[in-house]
Amino acid sequence: MRRKINYYLFLLTVCICAASEARAGEIKPVLIDSAATYRLNGYVNYYIDSTLNATPEAVLSFANQGRFMDINGDEYVSLGYTDLYHWVIIKLENTLPDPTDLFLSIPIPSINRMELYRCHGGDDVPDLISTTGDRLPFAERPWPIRDFMFPIRLTGHETTTLLLKIDKRGQNFAFKAKLGKPEAILQEDIPIYAAFGFYAGIFAFALLFNILMYLSVGDRIHLYYSLYIFISVILVLDEVGLTKEWLFPNLGRFHDYVKYVSGILGCGLLIQVMQLFTNQHAGNSRLYHLTNFYKYFIWTVGMVPVFAMLFPINMQLERTFFFSVNLLVMFSLVVIVVCVIERIRGGFILGYYYLLAVLLLIVGAANYILQVMGVVGAQLLKPNGITVGFAAEVIILSFALTQRYNFLKREKAQLKKENDRIKMQSVRQVFQAQEDERDRLAKDLHDDLGGTLSVIRLKVTDFQQKINGLQSNEREAYEETIRLITRACDDLREISHSLKPKFFLENGLIGTIQERLSILNRVSVVNFDFVYQYTIRLDPEVELSIYRIVNELINNVVKHSCATQATVQLVESADELVITVEDNGIGFEGSETAGGIGLKNVYSRVQYLGGRYTIDSNKNGTTITLEIPLQNHGNQSC
């Protein structure tokens, strides 16, 4: 009993499989009525010609034998790489009594060669009615647009069979078909052209923006990015089938390699842009040399398909191109991501912008490559991953380039601030060393030479009681000696005071200048006036620097100006201290201004204090004005 049940189950399974196979092999006709368009799912079948020499008559017999397989003609279907011919069959049955005009559209961007055969009614011999493809001139297409479109006229109640021989060897076999009235089919392309116009506007703006930026600022990143956009636009045009119509209508086989060349060269340029954007170099990236080598390698590989056109078609070489290019594109995107992450970990925050910019490009490219390899069949991004990903990358990266300039500007300002701080610290150390040396010299002069001169003067004055016994000439020599010793003591006191002003901390800036000018009014031929409006006290270090500046200027007046009258002014305002030293001397030339050591010291100290100065000198005298900012100098009331 169990054997009988198993036997009947086996027979039932065989019958079901046979029925299913019969239904699978059955080619149903598309019923043509008054509708504008017709769905083709369930009405399109295909056959793979592994012999590469099947005739239309043989293929038609294969269809009658049920050797064709179903395909969804309404959806974009990719079966992966192929080096064989594919035959597609579609049956049409006009249910109307009147003639009907139709368009059969095959919106596949790249087909090497396609032949359309038509078999009327029960004829067994199909007629060739059209030949088209990328390897033929664009002008020979049945309808001069980017899609492969065939006009078809059906008479009343006519039944016809359409056979398409499709040669996509060396590429992925992808298929989609649209059938309908001419007006409806042509109108379906309007949204596609509108979408492409939108994306074209984005690409054109980005291209123009980067060209103008390169001409304006001379940054090489904009030159490379402009080249990248240009090459990527060619790739997008090829993906939607417009390179044959707009750029290469008669170059035949060259169209086979446009996608390969533009894809590989574009990846190399994108790596170059990444390196410039992230400022990747050997000093901050362990991957720099490897990335550079890979970049030049893929640029070299990108030109190989161009030279391949010089030789006959070799399917093994075509297969190598197909898989190598797709794998290199994906690997290039991985290289970019890894390098950007390395720079982000190194502290380059703008790397997040670049990572975001290539994110959709990576998703779109991965979806596209998996699709052309036949791994997936769905388009995640419309109209396709390449176009959408590239558009998103262009928008985000163009914005990121502007942020990059702000970042570099802030970084440059920070570096300048740090350099200024280091420079000021060095200047402060130099000034401190000078003050320490002045203090040491003043102490040595006062303690050693000053003491020696005092002893000499005491020894000489011991002879005072014996002066009456000297002759007149000897008495004059003695008195001259006393005067010279006194003059030497006064000079020593002045030098010591100049090196290290006595009681500077107690007297402050104003008191020290007053004391200095008082001494000069006694010992020099120049009469100094001192005018001041100074109610604040700065840091002792700052006041000492100001005193050094004033002292240097008044020393110059005494030594070089040949003046008889001079005025020193210190006037404070809300935010700066204005110092003016004016004399009625002979003035000096501009070359003397630049070459004088004293004025160089004045200039260094003014720079150290963050101020500025001007010099007005002529034969009637000299006026030097200094403006010292009071901010950040520790101001306090007297």
Side-chain angles (χ1 to χ4, degrees), residues 430-431 433-435 437-442 444-446 449-450 453 483-502 504 507 509-532 543-570 578-609 611-626 628:
V430 170
F431 288 163
Q434 289 178 349
E435 294 300 330
E437 185 64 16
R438 289 172 186 269
D439 188 44
R440 186 188 65 80
L441 287 174
D444 290 346
L445 288 174
H446 181 272
L449 183 57
L453 288 175
R483 285 195 298 271
L484 290 174
I485 293 174
T486 303
R487 176 69 178 273
C489 291
D490 291 340
D491 290 343
L492 177 61
R493 188 180 302 109
E494 182 183 346
I495 293 172
S496 179
H497 184 276
S498 178
L499 288 172
K500 188 68 175 179
K502 192 176 181 181
F504 183 84
N507 295 340
L509 176 63
I510 298 300
T512 306
I513 294 177
Q514 286 176 328
E515 182 182 359
R516 175 64 175 153
L517 294 180
S518 177
I519 294 173
L520 290 176
N521 283 336
R522 292 196 306 268
V523 301
S524 72
V525 298
V526 183
N527 182 43
F528 284 93
D529 292 327
F530 184 35
V531 179
Y532 63 89
E543 286 197 335
L544 185 57
S545 291
I546 294 174
Y547 172 75
R548 295 297 182 199
I549 293 171
V550 174
N551 191 50
E552 187 67 48
L553 294 177
I554 60 180
N555 283 341
N556 285 343
V557 173
V558 173
K559 295 177 182 179
H560 307 297
S561 70
C562 299
T564 59
Q565 186 68 35
T567 301
V568 178
Q569 295 184 38
L570 271 77
V578 179
I579 303 170
T580 304
V581 178
E582 184 178 8
D583 65 69
N584 62 351
I586 60 175
F588 53 83
E589 297 294 333
S591 59
E592 299 177 43
T593 305
I597 296 177
L599 287 180
K600 285 184 177 180
N601 291 335
V602 169
Y603 177 69
S604 297
R605 290 188 180 273
V606 171
Q607 271 197 320
Y608 168 68
L609 296 174
R612 57 186 182 274
Y613 78 100
T614 58
I615 298 177
D616 180 15
S617 184
N618 54 55
K619 62 182 181 179
N620 296 320
T622 301
T623 300
I624 299 178
T625 303
L626 307 137
I628 308 297

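- Once rounded to the nearest 0.5 Å, the distance linking CZ of Arg516 with CD1 of Ile554 reads 5.5 Å.
- Taking CG of Asp583 as the start and CD of Gln565 as the end, the distance is 10.0 Å to the nearest 0.5 Å.
- In summary, the aromatic rings of Phe528 and Phe530 are positioned with their centroids too far apart to meet the 6.0 Å limit.
- Considering only heavy atoms from C-beta on, Val581 stays 4.5 Å or farther from Asn556 through its side chain.
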| request: Given side chain to side chain contact (heavy atoms under 4.5 Å, CB included), test Thr564 with Asn527 step by step and report yes or no. | output: CA-CA 6 Å; Thr564 59; Asn527 182 43; over 6 Å; no

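- Rounded to the nearest 0.5 Å, atoms CD1 (Ile586) and CG (Asn620) are 12.0 Å apart.
- Atom CZ in Arg605 sits 7.0 Å away from atom CG in Leu544 (nearest 0.5 Å).
- Distance check, rounded to the nearest 0.5 Å: CG of Leu609 to CG of Leu626 gives 9.5 Å.
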| said: Does Val557 form a side chain to side chain contact (heavy atoms under 4.5 Å, CB included) with Leu520? I'd like the steps, not just the answer. | reply: CA-CA 11 Å; Val557 173; Leu520 290 176; over 6 Å; no

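- With values rounded to the nearest 0.5 angstrom, Ile549 atom CD1 is found 5.0 Å from Ile628 atom CD1.
- Looking at every heavy atom in both residues, Val606 comes nearest to Arg612 through CG1-N, 3.5 Å.
- Side-chain contact between Thr580 and Thr567 is absent, with no heavy-atom pair separated by less than 4.5 Å.
- Considering all non-hydrogen atoms of both residues, Val602 and Glu552 come closest at CG2-CG, 3.6 Å.
- What you find for Val526 and Ala566 is that their closest heavy atoms are CG1-CB, 3.9 Å.
- Residues Ser617 and Gly587 come closest through the heavy atom pair OG-CA, 3.2 Å.
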| Full working for side chain to side chain donor-acceptor pair (under 3.5 Å) between Gln607 and Tyr603 | CA-CA 6 Å; Gln607 271 197 320; Tyr603 177 69; 3.0 Å; yes

